[in-house]
Number of protein chains: 2
Amino acid sequence: MAKRPPVKRKRTLKWQRDPEGMRLRILEAAKQEFSAHGLAGARIDRIAAKAGANKRMLYYHVGNKEDLYLTVLEGAYEKIRGEERQLDLEHLDPPEAIERLIEFTWNYFLRNPEFLALLNTENLARAKHLKRSTKVKSMHSPFVEMIRTVVTRGVESGDFRVTVDPVQLYISIAALCFFYLSNSATLSVIFGRDLLTKEARDERLAHMVSLVLAALTGKSTALFDKPKAPSLRAPAHHTA
Amino acid sequence: MAKRPPVKRKRTLKWQRDPEGMRLRILEAAKQEFSAHGLAGARIDRIAAKAGANKRMLYYHVGNKEDLYLTVLEGAYEKIRGEERQLDLEHLDPPEAIERLIEFTWNYFLRNPEFLALLNTENLARAKHLKRSTKVKSMHSPFVEMIRTVVTRGVESGDFRVTVDPVQLYISIAALCFFYLSNSATLSVIFGRDLLTKEARDERLAHMVSLVLAALTGKSTALFDKPKAPSLRAPAHHTA
DNA sequence: ACAGTATTTATCCAACGGGTTAATTCTTGC
DNA sequence: GCAAGAATTAACCCGTTGGATAAATACTGT
């Protein structure tokens with residue numbers, strides 16, 4: 001039970017206070033860490049180091065590891081929902097609206113790969129944390145209603161031959177984008193070609209747009225028609 | 001450097017040898033553990049316990065944690081490739097072949113949820129292990145060629161209006177199935193409805209088939225047309 | 001100035017977890 | 001039968017890691 005003697009301070013370096021900045025840096029570092037290693041693989045020490053902080057600060061500002069994780073996850077959802085809201089498809093022709101929606105989803109996932117990893121991590125945990133989050137549950141995706149009206153308009157205008165459940169359509173569009181990007185590493189190995197080159201990405205976007213639009217409108221897009229050589233390039237080694 | 005004195009054995013319980021069985025039990029237990037918790041979250045002790053084995057046995061029969069993980073992953077790929085081979089689409093009408101392919105993929109993923117989790121885990125690691133595997137690389141999926149011939153036949157027969165890169169089509173079909181099931185936990189929370197009920201699953205399969213076939217053939221399937229009420233059921237709580 | 005609080009640092013620790021050592025028992029070829 | 005090797009068990013080693021404690025320093029209002 002020997003009491004530890006008072007710690008001697010050697011350096012009296014000045015440090016600045018910046019609680020908000022610190023919190024932000026912690027959350028950013030945690031996002032990187034959790035998306036790179038998952039929940040169990042993430043290391044508190046690495047997050048602290050990356051944030052230019054001390055481990056103790058995480059607990060001070062956010063709480064324990066799981067709290068930190070949930071906060072990061074909530075932030076990720078907030079971000080995408082925010083961007084989703086800015087995308088208004090109301091003024092566009094229904095087919096253009098769908099195309100724009102696909103492009104947005106695709107580019108968002110491309111720009112925010114951590115989001116994909118975080119979702120996968122959370123699904124591995126069977127949404128255990130998300131279920132506890134009151135925040136996320138209230139953040140309904142504005143997409144579903146937007147899509148519903150787009151589909152309705154499209155059917156009325158004759159652009160679309162069919163009606164679809166907007167939720168199914170939303171999931172399908174997300175699926176086409178998500179799976180390709182989230183699984184690009186294993187797919188690249190399996191197919192022996194780099195799926196993340198500029199050309200491959202452009203090709204994929206074109207494919208997705210024509211797939212969905214062809215199904216909805218009944219007209220095959222020129223892009224979809226492209227016969228495409230097998231294009232068996234060298235296996236992927238960079239994952240830019 | 002004090003030598004440990006010889007350990008005294010108290011119980012002289014008889015035990016049976018069963019190397020092959022033991023190895024299988026270990027791999028099965030490991031598959032469960034890795035798919036349930038990911039690579040970092042998996043616990044060697046739990047795997048041993050689940051296999052009715054001793055921790056030391058894992059190292060004796062398979063190697064260290066990463067070796068074990070890779071072995072499990074390779075086994076998972078072998079299994080799906082094996083079932084894929086049995087599925088011959090050659091005799092079917094092109095549209096039926098595509099429908100059958102979608103149904104197979106969907107049902108395989110439904111029956112083998114661990115496979116989805118393993119793939120996600122491996123993609124989190126950017127396919128680090130898969131790249132090292134000589135086994136998997138040699139298991140080039142015959143699927144791509146199968147799909148290519150189906151598409152070619154479809155175009156020649158006039159069933160399909162368009163040509164598609166078989167890799168893109170394969171990825172799209174896998175994507176539609178994979179994403180829905182792999183992310184059902186978070187999606188169920190977001191949309192406030194259980195996506196894994198029998199009805200929801202049937203609805204999803206119908207949606208995917210009509211989406212892809214409508215795009216390929218230009219004819220909208222009856223199923224796709226179903227206007228579908230919003231059907232906002234109670235939030236999901238069981239994840240059967 | 002200065003008391004009181006908010007923020008940050010240095011240090012510690014108990015539990016955990018992968019991996020290892022060494023002893024023991026079963027099996028098989030001769 | 002019995003020696004050699006294969007399979008299995010128990011014990012334990014040791015770095016890691018999440019989390020905790022206490023002290024120190026910056027900031028704020030008065």
Side-chain angles (χ1 to χ4, degrees), chain A residues 1-27 29-30 33-34 36-72 125 129, chain B residues 1-27 29-30 33-34 36-72 125 129:
Chain A
M1 285 299 171
K3 278 282 169 62
R4 194 182 334 151
V7 182
K8 275 281 160 60
R9 267 310 134 81
K10 295 159 198 168
R11 303 174 305 134
T12 317
L13 275 179
K14 303 278 177 186
W15 45 267
Q16 299 211 346
R17 284 187 169 190
D18 182 16
E20 300 86 9
M22 176 62 88
R23 190 184 154 88
L24 287 182
R25 272 178 297 142
I26 288 174
L27 290 180
E33 179 74 9
F34 283 127
H37 304 284
L39 178 51
R43 292 294 166 259
I44 295 282
D45 284 304
R46 279 203 297 253
I47 296 174
K50 220 174 300 180
N54 185 301
K55 192 163 46 160
R56 178 67 182 78
M57 301 304 297
L58 308 195
Y59 294 92
Y60 181 79
H61 284 286
V62 192
N64 65 15
K65 193 182 185 182
E66 293 221 331
D67 293 342
L68 182 54
Y69 166 77
L70 179 55
T71 306
V72 166
H129 313 87
Chain B
M1 286 298 174
K3 280 282 169 63
R4 197 182 329 151
V7 183
K8 275 279 160 57
R9 267 310 133 85
K10 296 157 198 169
R11 304 174 306 134
T12 316
L13 275 180
K14 305 277 178 188
W15 43 266
Q16 299 211 346
R17 284 187 171 192
D18 182 15
E20 300 84 12
M22 175 60 88
R23 190 184 153 88
L24 288 182
R25 272 178 297 140
I26 288 174
L27 289 180
E33 178 73 10
F34 283 128
H37 303 284
L39 178 51
R43 293 292 166 257
I44 295 282
D45 284 303
R46 279 202 297 252
I47 295 174
K50 222 173 298 179
N54 182 300
K55 188 163 50 161
R56 179 69 182 79
M57 300 305 295
L58 308 196
Y59 293 91
Y60 181 78
H61 285 286
V62 192
N64 64 16
K65 194 183 185 184
E66 294 222 329
D67 293 341
L68 182 54
Y69 166 76
L70 180 55
T71 307
V72 166
H129 314 86

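No hydrogens, no waters, no symmetry mates; every other heavy atom, side chains included, goes into these values. Letters go in sequence order (proteins before strands), and every chain restarts at 1. This one's a predicted model, so the numbers in the text were calculated from it and none came from an experiment.
Between the side chain of B/Lys55 and the base of C/dG19 there is at least one donor-acceptor pair of N/O atoms closer than 3.5 Å.
Computed from coordinates, the A/Met57 CE to C/dA10 P distance equals 12 Å when rounded to whole Å. The separation between A/Ile26 atom CD1 and C/dT8 atom P is 8 Å, rounded to whole Å. Taking atom CE on A/Met22 and atom C1' on D/dC27, their separation rounds to 15 Å, with Å as the unit. Regarding B/Glu20, its CD atom lies at a distance of 15 Å from the C1' atom of D/dT8, rounded to whole Å. Residue B/Glu33 contributes atom CD, which lies 10 Å from atom P of C/dG17 at whole-angstrom precision. Distance CZ (B/Arg23) to P (D/dA7): 11 Å, rounded to an integer number of Å. Here the P atom of nucleotide C/dG19 and the CZ atom of B/Arg56 are 12 Å apart, to the nearest Å. B/Phe34 has its CZ atom 9 Å from the P atom of C/dG18, to the nearest Å.
When heavy atoms are screened at a 4.0 angstrom cut-off, B/Ala40 is found touching no nucleic acid atom at all. Among the atoms of the strands shown, none is found under 4.0 Å from any heavy atom of B/Ala48.
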Report task. Carefully, step by step, assess A/Leu68 and A/Ile26 under the rule side chain to side chain contact (heavy atoms under 4.5 Å, CB included). Result -> CA-CA 9 Å; A/Leu68 182 54; A/Ile26 288 174; 4.0 Å; yes
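For the pair B/Arg43 and C/dG18, the criterion of a side-chain N or O lying under 4.0 Å from OP1 or OP2 is met.
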What donor-acceptor contacts under 3.5 angstrom involve side-chain atoms of residues 41-50 of chain A, with partners at least two apart or in another chain?
{"from": "A/Arg43", "atom 1": "NH1", "to": "A/Ala40", "atom 2": "O", "distance (Å)": "2.9"}
{"from": "A/Arg46", "atom 1": "NE", "to": "A/Glu33", "atom 2": "OE1", "distance (Å)": "3.3"}
{"from": "A/Arg46", "atom 1": "NE", "to": "A/Glu33", "atom 2": "OE2", "distance (Å)": "2.7"}
{"from": "A/Arg46", "atom 1": "NH2", "to": "A/Glu33", "atom 2": "OE2", "distance (Å)": "2.7"}
{"from": "A/Arg46", "atom 1": "NH2", "to": "A/Gly41", "atom 2": "O", "distance (Å)": "3.2"}
{"from": "A/Lys50", "atom 1": "NZ", "to": "A/Glu33", "atom 2": "OE1", "distance (Å)": "3.1"}

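Summarising the geometry, atom NZ belonging to A/Lys65 is positioned 5.5 Å from atom CG belonging to A/Leu39; distances are rounded to the nearest 0.5 Å. Atom CG of B/Leu27 is separated from atom CZ of B/Arg25 by 11.5 Å, given to the nearest 0.5 angstrom.
Using a 4.5 Å heavy-atom threshold, the side chains of B/Leu70 and B/Asp67 count as separate.
A heavy atom lying under 4.0 Å from DNA chain C marks the following residues of residues 58-66 of chain B, by number: B/Tyr59, B/Asn64, B/Lys65.
Residue pairs meeting the ring pair (Phe, Tyr, Trp, His ring centres under 6.0 Å) criterion with at least one member in residues 53-72 of chain B, sequence neighbours excluded, are B/Phe34-B/Tyr69, B/Tyr69-B/His129.
Residue A/Asn54 places its side chain closer to C/dA10 than to any other of C/dA10, D/dT9, C/dG18.
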